[in-house]
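Have a look at the structure below before the remarks.
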Amino acid sequence: MLEHLKRFQVVLDRVERKLDDLTRRVGNLEMSVAGVRRDLAHLEENDAAMSIRMDYLNERVERIERRLELTS
């Protein structure tokens with residue numbers, strides 16, 4: 001009976017080590033996903049800023065065309 005308990009303890013120790021390893025790996029994955037989300041948010045922010053700048057430039061070009069009477 002003592003031999004069986006020792007084997008169970010060895011197996012349990014191995015399972016606990018694997019669980020600890022998996023817990024660390026999941027934590028690393030969560031940090032990576034958070035980083036990707038942060039990068040995507042930054043890209044969306046840049047996209048919005050570029051859109052605003054393009055709208056502003058478009059308005060300026062239209063004003064210049066009107067002043068120079070280039071529009072038909």
Side-chain angles (χ1 to χ4, degrees):
M1 186 69 155
L2 191 57
E3 289 293 322
H4 290 296
L5 290 174
K6 287 180 182 180
R7 276 190 255 153
F8 287 142
Q9 184 63 42
V10 169
V11 171
L12 182 60
D13 288 343
R14 194 174 332 134
V15 169
E16 286 177 344
R17 280 195 306 272
K18 285 183 180 181
L19 181 60
D20 289 342
D21 180 51
L22 289 173
T23 302
R24 278 192 299 275
R25 292 172 68 183
V26 167
N28 289 336
L29 285 172
E30 289 173 338
M31 286 180 18
S32 296
V33 168
V36 168
R37 287 181 178 165
R38 186 174 48 249
D39 291 346
L40 285 174
H42 184 68
L43 289 173
E44 289 174 1
E45 179 184 347
N46 285 343
D47 185 41
M50 290 299 291
S51 180
I52 291 169
R53 291 172 71 185
M54 291 295 290
D55 290 343
Y56 176 70
L57 286 173
N58 188 42
E59 289 172 10
R60 287 182 64 193
V61 168
E62 287 175 358
R63 270 198 316 267
I64 291 168
E65 287 176 337
R66 278 194 304 271
R67 284 184 191 159
L68 297 175
E69 300 177 358
L70 297 174
T71 57
S72 353

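Sequence positions, counted from 1, serve as the residue numbers for this chain.
- A distance of 10.5 Å separates CG in L29 from CG in L22, rounded to the nearest 0.5 Å.
- Between the CE atom in M54 and the CD1 atom in I52 there is a gap of 13.0 Å [rounded to 0.5 Å].
- Put simply, CG on D39 and CD on E44 are 11.5 Å apart, with the number rounded to the nearest 0.5 Å.
- Remark: E69 CD is loosely packed, at most 12 non-hydrogen atoms of other residues, nucleotides or ligands lying under 6.0 Å away.
- Checking side-chain atoms of S51 against main-chain N and O of D47 turns up no donor-acceptor pair under 3.5 Å.
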- Item | Verdict with reasoning, D21 to R25, per side chain to side chain contact (heavy atoms under 4.5 Å, CB included) | CA-CA 6 Å; D21 180 51; R25 292 172 68 183; 3.6 Å; yes

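- Within the model, atoms CG of N46 and CZ of R53 stand 10.0 Å from one another, a figure rounded to the nearest 0.5 Å.
- Between the CG atom of L57 and the CE atom of M50 there is a distance of 9.0 Å, given to the nearest 0.5 Å.
- For the side chain to side chain donor-acceptor pair (under 3.5 Å) condition, the pairs that include at least one residue of residues 4-15, sequence neighbours left out, are Q9-D13.
- Distance CG/L40 to CD/E45: 13.0 Å, rounded to 0.5 Å.
- Residues I64 and L70 are members of one and the same hydrophobic cluster, defined by side-chain heavy-atom contacts under 4.5 angstrom among Ile, Leu, Val, Met, Phe, Trp and Tyr.
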